[in-house]
Chemist: 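Dropping a structure here in structure tokens format, bear with me for questions.
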There are 2 protein chains.
Amino acid sequence: MSCTSEYASQLRARGFRMTSQRLAILHALRHAETHLSPREVYIQAKQELPGLTEPTVYRTLEFLAENGLARTSQTGNGHLRYQIAGNDHHHIVCRICGDEMEVDHALLERLYHKLESDSGYMRIDSHMTFFGVCPQCQ
Amino acid sequence: MSCTSEYASQLRARGFRMTSQRLAILHALRHAETHLSPREVYIQAKQELPGLTEPTVYRTLEFLAENGLARTSQTGNGHLRYQIAGNDHHHIVCRICGDEMEVDHALLERLYHKLESDSGYMRIDSHMTFFGVCPQCQ
DNA sequence: AAGGTTATTGCAAAAACTTGCAATAAGGTT
DNA sequence: AACCTTATTGCAAGTTTTTGCAATAACCTT
């Protein structure tokens, strides 16, 4: 896979290493259609790499998110889920039934610019999750 | 305290009950200047009510948030923190040093309206946490 | 291709959080 | 004021997430 070596060199450029564990976890994220919980990642990736342990999954997901290869989503109950980086969109999830839809990044662009100039903060997180009540549940 | 009975009747109106545990936890949140972790709440509130247990704190915080008496803040690492409801502002926190500043609600008003009309969702969460890189760390 | 440096992993134990269920107590009713 | 109903709590046991440290293995250098 070409993307594999792409990831590897991205890491090496910053002094990190590509490992079979990281690869297995990246594969799991890539093949998922949506974001996964750490446990789901563990179950998926363990099929590819049976020796994989759970602490490694937690540490790796955090590592991938810090380095821009993965992205976190907040989930109301305070548990992070992860997805592969790349699709620049956001989510709005229903507080009641959990239903979820995508929000295009363009909608937030203006807000981010304003926030950046007002606050002086840079690189404001490009994945946001909003919570509301969906039309069904209203 | 007048607010005490205010809270009590808010709950009773919906068929819930006011208890010494809920009161102790509300006090802890009220006296905090910022949002607290469940453990911090536990430690505070236990001083007022020594018999209090940790599971009760978790359940109560979730309950208070669901009923609008408390508010959750997301914290990057995926752990919820809680604060008393009332101040309508948001936070932006630095991904690197953890520094934190307030963002006025007015800034988001336009976005919320747009999101609501585009998506059909209602009552979009009125507390958002953004993540970025603060001026110091840039 | 072999060796050295050190980022990364696995293991084991700790801490944080959740769940089920029987006992308790809030607050409406008599 | 005593009684009933049932929301709420505490306890104990489970699951999830984190942490420290010694062993391993990327990958740079020779």
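In the text below, chain A, chain B and the rest are named by the order of the sequence lines, each starting its count at 1.
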Chemist: So what does B/F16 touch, heavy atoms closer than 4.0 Å: a base, only the sugar-phosphate, or nothing?
Modeler: sugar-phosphate
Chemist: Send over the distance from A/I25 CD1 to C/dG10 C1', rounded to a whole Å.
Modeler: 13 Å
Chemist: Counting side-chain heavy atoms from C-beta on, which of C/dT8, D/dA12, D/dT8 comes nearest to A/R17?
Modeler: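 Given the options C/dT8, D/dA12, D/dT8, the side chain of A/R17 is closest to C/dT8.
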Chemist: So, is B/T19 close to the D/dA7 phosphate, meaning a side-chain N or O under 4.0 Å from OP1 or OP2?
Modeler: no
Chemist: Measure OH/B/Y82 against P/C/dC17 and give the value in whole Å, please.
Modeler: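 Checked: the OH to P distance equals 9 Å.
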Chemist: Could you tell me how far apart B/E54 (CD) and D/dT9 (P) are, to the nearest whole angstrom?
Modeler: 15 Å
Chemist: State whether A/R12 places a side-chain N or O below 4.0 Å from either non-bridging phosphate oxygen (OP1 or OP2) of D/dC27.
Modeler: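 Checking A/R12 against D/dC27: at least one side-chain N or O falls below 4.0 Å of OP1 or OP2.
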Chemist: Starting at atom CG of A/L23, determine the distance to atom P of C/dT8, rounded to an integer number of angstrom.
Modeler: 14 Å
Chemist: B/N77 or B/T53: which one's nearest nucleotide on DNA chain D is closer to the 5' end?
Modeler: B/T53
Chemist: Would you kindly give the CG-to-C1' distance between A/L26 and C/dT8, to the nearest whole Å?
Modeler: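 Those two atoms, CG and C1', are 15 Å apart.
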Chemist: Measure the shortest side-chain to side-chain distance between A/V93 and A/F131 over non-hydrogen atoms and say whether it is less than 4.5 angstrom.
Modeler: yes
Chemist: Is any side-chain nitrogen or oxygen of B/H79 closer than 4.0 Å to OP1 or OP2 of D/dT18?
Modeler: yes
Chemist: Judged by modelled atom types alone, do A/E109 and A/H105 share a side-chain donor-acceptor pair under 3.5 Å?
Modeler: yes
Chemist: Taking atom C1' of D/dT9 as reference, at what distance in whole Å does atom CG of B/L49 sit?
Modeler: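 Checked: the CG to C1' distance equals 11 Å.
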Chemist: Looking only at side-chain N and O atoms, does B/Q21 come under 4.0 Å of OP1 or OP2 in C/dA25?
Modeler: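 False: B/Q21 side-chain N/O out of range (4.0 Å or more) of C/dA25 OP1/OP2.
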Chemist: Have a look at A/R39 and say if it touches a base, only the backbone sugar-phosphate, or nothing, with a 4.0 Å heavy-atom cut-off.
Modeler: sugar-phosphate
Chemist: State which of D/dG10, C/dT9, C/dT18 makes the closest approach to the side chain of B/P55.
Modeler: C/dT18
Chemist: Taking CG from A/L64 and C1' from C/dT8, how many angstroms apart are they, rounded to a whole number?
Modeler: 13 Å
Chemist: Round to the nearest Å and state the distance from B/Y42 atom OH to D/dT9 atom P.
Modeler: 14 Å
Chemist: Less than 4.0 angstrom between a side-chain N/O of B/R22 and OP1 or OP2 of D/dT8, yes or no?
Modeler: yes
Chemist: Looking at every heavy atom in both A/L69 and A/I84, which two are closest together, and how far apart are they?
Modeler: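 For A/L69 versus A/I84, the nearest heavy atoms are O-CD1, 3.8 Å.
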Chemist: Under 6.0 Å from the ring centre and within 45 degrees of the ring axis: does the NZ or CZ of B/R22 meet both conditions for the six-membered ring of B/Y7?
Modeler: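 Negative - B/R22 is either too far from the ring of B/Y7 or too far off its axis.
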Chemist: Do the ring planes of A/Y112 and B/F130 sit parallel (below 30°), tilted (30 to 60°) or perpendicular (above 60°)?
Modeler: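 A/Y112 and B/F130: perpendicular rings.
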Chemist: Provide the closest heavy-atom pair for B/P135 versus A/G120 in the form atom of the first, atom of the second, distance.
Modeler: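 Of all heavy-atom pairs spanning B/P135 and A/G120, the closest is CG-O, 3.5 Å.
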Chemist: Measuring to OP1 and OP2 of D/dG10, would you say a side-chain N or O of B/T56 lies under 4.0 angstrom away?
Modeler: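 True: B/T56 side-chain N/O within range (under 4.0 Å) of D/dG10 OP1/OP2.
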Chemist: Which nucleotide in the set C/dA16, D/dT8, D/dG10 lies at the smallest distance from any side-chain heavy atom of B/Y58?
Modeler: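 Between C/dA16, D/dT8, D/dG10, the one nearest the side chain of B/Y58 would be C/dA16.
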Chemist: By nearest nucleotide on DNA chain C, pick out whichever of B/R59 and B/L80 is the more 5' one.
Modeler: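 Its nearest nucleotide being more 5', the pick is B/L80.
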